[in-house]
Amino acid sequence: MAKKADVNAFCGVAQALMRMGDTWTLLIVRDAFFGMKRFSEFEKSLGISKNILAARLRKLVDFDIFERRRLEEPGQRYEYTLTKKGRDLWVVLTAMRLWSDKWVFGEENAPLVAIDTATGKRVAKVIAADADGNPVDPARLRWRLGAPRANEE
C-alpha cells in the first residue's frame, strides 16, 4: 500500500496546499491583489505578527510567488510584487471568494464584489474549460494519470 506522502507527491491539490495552504499565506497574496506591496501594509491589514509575516513573505519569494525589490529609501526597505506565477493565483482566490459568497454569506450579502472595469459587470463565475475553451461539466470528467511517475516505468 502506498504511503500517504507518496500519494500526495503526485497530487496537484496536495502540492498546492503544501505551498499555499495556510491562511496567512493566502491572505497576503489576496492583499497583494488589492495593491499592497510593503511589509507594513500587510502587517497593518492583517494584524499579523512581524515574525510570521516575515516567514510567509520569505516563503512566497522562495516559491516565486512574490518578487522582493529593495526600495531606494533610507534603511532597508523592500516591496513585494506578484510574479506571473503569483498572478495566476487570482483564479484560485476568486473561486474561493465566490464559493464563500454563495455558501457562507449568501450571494446577496457578498461583502466584496469584483467588477470588470472593461465591461462594468460583476465577476460571478470561474469556469473550467477544455483545451478549446469550451466549458466543462465536472460530472462528465474522467481521470487518467498525467506525466509518468518517477518510480513507475
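Computed from a prediction, not measured in an experiment: that's the story for all the values here.
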Distance col, row Leu89:CG vs Leu60:CG, nearest 0.5 angstrom, shows 9.0 Å
Regarding Lys84 and Asp88, does a basic nitrogen lie under 4.0 Å from an acidic carboxylate oxygen?
yes
Tell me the side-chain hydrogen bond (donor to acceptor under 3.5 Å, both in side chains) pairs involving residues 39-50, sequence neighbours left out?
Asp31-Ser45, Glu43-Lys50, Ser49-Asn51
For the student: nearest non-hydrogen atoms of Thr25 and Arg19, plus distance
CG2-O, 4.2 Å
Classify the ring geometry of Phe42 against Tyr80: parallel below 30°, tilted from 30° to 60°, perpendicular beyond 60°.
perpendicular
Which pairs with one or both residues in residues 118-134 pass salt bridge (Lys or Arg N to Asp or Glu O under 4.0 Å), sequence neighbours excluded?
none
So if you build clusters from Ile, Leu, Val, Met, Phe, Trp, Tyr with side-chain heavy-atom gaps below 4.5 Å, do Val126 and Trp99 land together?
no
Could you tell me the separation between the CH2 atom of Trp90 and the CZ atom of Arg97, rounded to the nearest 0.5 Å?
8.0 Å
Intermediate values then yes/no, side chain to side chain contact (heavy atoms under 4.5 Å, CB included), Ile65 and Met20:
CA-CA 10 Å; Ile65 304 299; Met20 302 297 302; 4.1 Å; yes
Please test Leu46 against Met36 for side chain to side chain contact (heavy atoms under 4.5 Å, CB included), starting from the C-alpha separation and ending with a verdict.
CA-CA 11 Å; Leu46 298 170; Met36 293 176 204; over 6 Å; no
Shared hydrophobic cluster for Met18 and Leu26 (ILVMFWY, side-chain gaps under 4.5 Å)
no
Is Val113 reachable from Leu98 through a run of hydrophobic residues whose side-chain heavy atoms are each under 4.5 Å from the next?
no
Listed by chain and number, what are the side chain to side chain donor-acceptor pair (under 3.5 Å) partners of Arg30, not counting sequence neighbours?
none
Which pair of heavy atoms, one from Val136 and one from Ala129, lies closest together, and at what distance?
CG2-C, 3.6 Å
So do the side chains of Lys37 and Leu71 get within less than 4.5 Å of each other, counting heavy atoms only?
no
Heavy atoms of Trp24 and Arg56 approach each other most closely as CB-CG, 4.1 Å
Mark yes when over 12 heavy atoms from residues, nucleotides or ligands other than Lys102 sit less than 6.0 Å from its NZ; otherwise mark no.
no
Is there a path from Phe63 to Val29 through hydrophobic residues (I, L, V, M, F, W, Y) whose side chains come within less than 4.5 Å of each other?
yes
Working to the nearest 0.5 angstrom, can you tell me the gap between Thr94 OG1 and Phe33 CZ?
7.5 Å
How far does CD1 of Ile127 sit from CG of Asn134, to the nearest 0.5 angstrom?
11.0 Å
Nearest 0.5 angstrom please: Arg142 CZ to Arg140 CZ, how far?
12.5 Å
Between Leu27 and Leu17, is there a shared hydrophobic cluster once you connect ILVMFWY residues whose side-chain heavy atoms come closer than 4.5 Å?
no
Tell me the closest heavy-atom pair linking Arg70 and Tyr78, and the distance in Å.
CA-CD2, 3.5 Å
Donor-acceptor pair, side chain of Arg87 and main chain of Leu82, under 3.5 angstrom
yes
